[in-house]
Amino acid sequence: MSNDDIASVLQETADLLELTGGNEYRARAFSRAARSLSGLDDAVADRLEAGTLVDINGIGDAMADHVADILHGGSFELRDELHSAVPPGLMDVMQVQGLGTKRTRRLWTELDVTSLDELEQAAEEDRITTLDGFGPKTQQNILDNLRQLRRYESKWRLADAWAATQSFLDRVQSLEGVDRAAITGALRRQRATVEQAEVLVATSKPEGVHDRLASHLDDPSQTDAGLAGHLAEGVPVQVHVAAPNRFGTAWWRTTGSSEHCTAVEDREGAPGDHKTEAALYRAVGLPVVPPVLREGQGEVEAGAADQLPSLLSTDDLD
DNA sequence: CACGTCCG
DNA sequence: AGCATGAA
DNA sequence: TTCATGCTATCGGACGTG
């Protein structure tokens with residue numbers, strides 16, 4: 001449990017307090033405590049141990065107790081109480097840009113909006129403008145921002161998914177039977193957002209590898225080409241398993257995009273088994289196409305004409 | 001223009 | 001809720 | 001040291017509303 005994790009529980013409590021119409025100054029106290037903790041250099045757990053938590057601005061005896069509870073069980077009494085007093089969907093409503101605790105509370109109490117769906121419906125039926133202080137622009141902004149939010153729900157930012165996957169890889173690579181493990185899929189293509197992480201594992205003796213991999217995943221399940229589950233950080237992950245002698249082909253195939261793969265296959269048909277991507281591209285008469293370019297945007301034609309753009313790399317920095 | 005609300 | 005201050 | 005009391009609570013900019 002990182003400092004930021006603890007801080008977000010406190011901030012959530014502040015929001016819940018305002019959402020339920022509680023004392024706004026009490027809510028601010030939780031906000032301030034959250035801010036102090038997220039900007040703290042040392043680990044909160046250490047501070048708690050040393051008893052120096054109360055030295056921090058905005059943290060007194062009561063708040064320190066709450067923090068201890070959070071560290072121990074992920075939550076604390078007040079927060080649990082407030083949580084059960086608020087419809088679960090209301091927290092989603094607050095994620096809409098332009099909706100804070102005040103407006104969300106009014107939508108809830110005056111229009112019975114308790115979820116994104118109900119919010120959308122209210123806006124479409126022009127009911128939001130019936131509220132004092134909510135005009136046509138506000139209603140339209142709500143609708144726009146709600147749809148914007150929908151486009152990114154179940155999407156992970158590249159950097160977050162990448163970091164989570166990397167720490168999974170670090171553990172997986174040393175597993176018995178794992179010759180090699182690599183990031184693949186949209187994540188390898190460095191898409192700005194990804195729906196899931198994908199990892200390719202090469203193994204020469206598949207027996208038992210599935211189980212060992214599964215033990216590092218949350219809610220693991222068997223799939224056609226390997227297994228699926230969630231990383232500790234909550235990112236959905238697809239683990240593909242392949243024999244080493246066709247690692248290159250599997251890596252290429254799982255990296256995609258499907259448009260890129262189709263474009264390659266349109267030249268020479270489906271590639272055979274290759275150990276490396278370099279061998280695969282050589283076999284189809286193309287230079288190795290960097291993963292970021294494999295989007296089916298003409299990179300195959302460009303490669304065939306030896307016209308691939310040269311990408312910037314960290315080496316280009318002074 | 002004054003006020004409330006949201007955001008960072 | 002935190003914090004400062006003063007009393008028990 | 002503990003307890004009781006009273007005072008305080010981030011802030012500036014942007015935007016929409018009436």
Side-chain angles (χ1 to χ4, degrees), chain A residues 2-41 44 47-48 50-72 75-83 85-86 89-111 113-114 116 119-120 122-153 157 159-160:
Chain A
S2 74
N3 289 8
D4 284 340
D5 294 334
I6 298 166
S8 65
V9 173
L10 293 177
Q11 182 54 54
E12 188 194 20
T13 306
D15 291 343
L16 286 165
L17 235 20
E18 293 182 3
L19 229 31
T20 53
N23 183 324
E24 81 176 283
Y25 290 123
R26 191 148 85 121
R28 283 199 205 167
F30 282 96
S31 279
R32 256 186 306 120
R35 253 183 290 120
S36 300
L37 291 193
S38 67
L40 195 62
D41 289 331
V44 167
R47 285 267 192 158
L48 182 66
T52 60
L53 213 49
V54 290
D55 297 348
I56 297 166
N57 233 331
I59 306 234
D61 291 344
M63 198 62 77
D65 285 345
H66 297 327
V67 170
D69 289 349
I70 294 169
L71 225 30
H72 182 234
S75 188
F76 63 104
E77 204 179 333
L78 175 64
R79 186 238 189 195
D80 291 337
E81 281 172 16
L82 293 169
H83 223 266
V86 162
L90 217 51
M91 303 312 272
D92 299 331
V93 171
M94 256 201 8
Q95 296 310 304
V96 175
Q97 190 87 263
L99 293 185
T101 53
K102 309 276 185 61
R103 286 177 177 164
T104 301
R105 175 169 166 75
R106 294 196 53 209
L107 290 165
W108 173 32
T109 56
E110 296 174 39
L111 287 181
V113 166
T114 61
L116 284 182
L119 178 66
E120 183 172 36
E124 280 169 348
E125 294 169 0
D126 199 19
R127 279 186 285 131
I128 292 182
T129 53
T130 66
L131 266 47
D132 248 23
F134 288 71
K137 290 200 173 176
T138 302
Q139 177 169 270
Q140 190 56 48
N141 286 341
I142 288 175
L143 208 45
D144 293 346
N145 294 330
L146 177 147
R147 290 179 173 146
Q148 180 70 17
L149 181 67
R150 282 251 172 83
R151 286 184 46 210
Y152 286 104
E153 75 185 350
R157 284 186 300 258
D160 297 338

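Computed from a predicted structure; not experimentally measured. Reckoned from all heavy atoms, side chains included, excluding hydrogens, waters and symmetry mates. Here is how names work: the chains are called A, B, and so on, in the same order as the sequence lines, proteins then strands, and each is numbered from 1.
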Protein-nucleotides 11-14 of chain D N/O pairs closer than 3.5 Å?
none

Q. Counting only heavy atoms not in Glu77(A), do more than 12 fall under 6.0 Å of its CD?
A.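 No, because the 6.0 Å sphere around CD of Glu77(A) holds 12 heavy atoms or fewer from other groups.
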Q: Verify the neighbour count for atom NE2 of His83(A): are there more than 12 heavy atoms of other residues, nucleotides or ligands below 6.0 Å?
A: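 Yes, enclosed.
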Just the atom pairs and distances: protein N or O near nucleotides 3-8 of chain B's N or O, under 3.5 Å.
from   : atom 1 : to        : atom 2 : distance (Å)
dC6(B) : OP1    : Gly100(A) : N      : 2.8
dC6(B) : OP1    : Gly100(A) : O      : 3.4
dC6(B) : OP1    : Arg103(A) : N      : 2.9
dC7(B) : OP1    : Gly98(A)  : N      : 2.8

Side chains of [X] and [Y]: closer than 4.5 Å at any heavy-atom pair?
| X | Y | answer |
| --- | --- | --- |
| Gln95(A) | Glu153(A) | no |
| Leu19(A) | Met91(A) | yes |
| Leu99(A) | Met94(A) | no |

Q | Distance, nearest 0.5 Å, that separates CH2 of Trp108(A) from OG1 of Thr20(A) | A |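 Nearest 0.5 Å value for the CH2-OG1 distance: 7.0 Å.
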Q: Determine the sole option in Asp41(A), Val67(A), Leu40(A) for which the side-chain contact (heavy atoms from CB on, under 4.5 Å) test with Asn3(A) is passed.
A: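 For Asn3(A), the side-chain contact (heavy atoms from CB on, under 4.5 Å) check succeeds only for Leu40(A).
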Between [N] and [M], how far apart are the two [atom1] atoms, rounded to whole Å?
| N | M | atom1 | value |
| --- | --- | --- | --- |
| dA4(C) | dT10(D) | P | 15 Å |
| dG8(B) | dA9(D) | P | 25 Å |
| dA1(C) | dG13(D) | C1' | 29 Å |

Q) Which heavy-atom pair separates Thr101(A) from Asp15(A) by the least distance, and what is that distance? A)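 That closest heavy-atom pairing would be CG2-O, 3.7 Å.
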Q.
If I compare all heavy atoms of Glu18(A) with all of Ala27(A), which pair ends up nearest, and what's the gap?
A.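 Distance-wise, the nearest heavy atoms are CG-CB, 3.6 Å.
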Q. Within less than 4.0 Å of OP1 or OP2 of dT17(D), is there a side-chain N or O belonging to Thr138(A)?
A.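 True: Thr138(A) side-chain N/O within range (under 4.0 Å) of dT17(D) OP1/OP2.
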Q | Any residue of residues 19-29 of chain A with a heavy atom less than 4.0 Å from an atom of DNA chain B | A |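 Heavy-atom cutoff 4.0 Å gives no residues at all.
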Rounded distance (Å) that lies between atom [atom2] of [N] and atom [atom1] of [X]:
| X | N | atom1 | atom2 | result |
| --- | --- | --- | --- | --- |
| Asp65(A) | dA1(C) | CG | P | 10 Å |
| Phe76(A) | dA1(C) | CZ | C1' | 12 Å |
| Asp144(A) | dG16(D) | CG | C1' | 15 Å |
| Asp132(A) | dG16(D) | CG | C1' | 14 Å |

Measure all distances between protein nitrogen or oxygen atoms and nitrogen or oxygen atoms of nucleotides 4-8 of chain D, and list the pairs falling under 3.5 Å.
none

Short side-chain donor-acceptor distance under 3.5 Å, [Y] and [X]:
| X | Y | result |
| --- | --- | --- |
| Thr129(A) | Asp126(A) | yes |
| Thr138(A) | Asn141(A) | no |
| Asp144(A) | Gln148(A) | no |

Q) Nucleotide by nucleotide, 5' to 3', does protein get under 4.0 Å of the base (B), only the sugar-phosphate (S), or neither (-) in nucleotides 3-8 of chain C, counting heavy atoms? A) S-----
Q. Do Arg79(A) and Glu12(A) meet the salt-bridge criterion of a basic N to acidic O distance under 4.0 Å?
A.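 Looking at Arg79(A) together with Glu12(A), the answer is yes, because their closest N to O distance falls below 4.0 Å.
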**Q.** Given dT10(D), dA1(C), dG16(D), the nucleotide with the shortest approach to the side chain of Arg35(A)
**A.**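 The nucleotide sitting nearest to the side chain is dT10(D).
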Name every donor-acceptor pair, under 3.5 Å, that has one atom in a side chain of residues 57-65 of chain A and the other anywhere in the protein, sequence neighbours excluded.
none

Q) Short question: side chain of Asn145(A), backbone of Gln97(A) - any donor-acceptor pair under 3.5 Å? A)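 Yes, Asn145(A) side chain to Gln97(A) backbone: donor-acceptor pair under 3.5 Å.
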Q: For Leu107(A) and Leu90(A), run side-chain contact (heavy atoms from CB on, under 4.5 Å): C-alpha distance rounded to whole Å, both residues' side-chain angles, the deciding distance at 0.1 Å, then the answer.
A: CA-CA 10 Å; Leu107(A) 290 165; Leu90(A) 217 51; over 6 Å; no
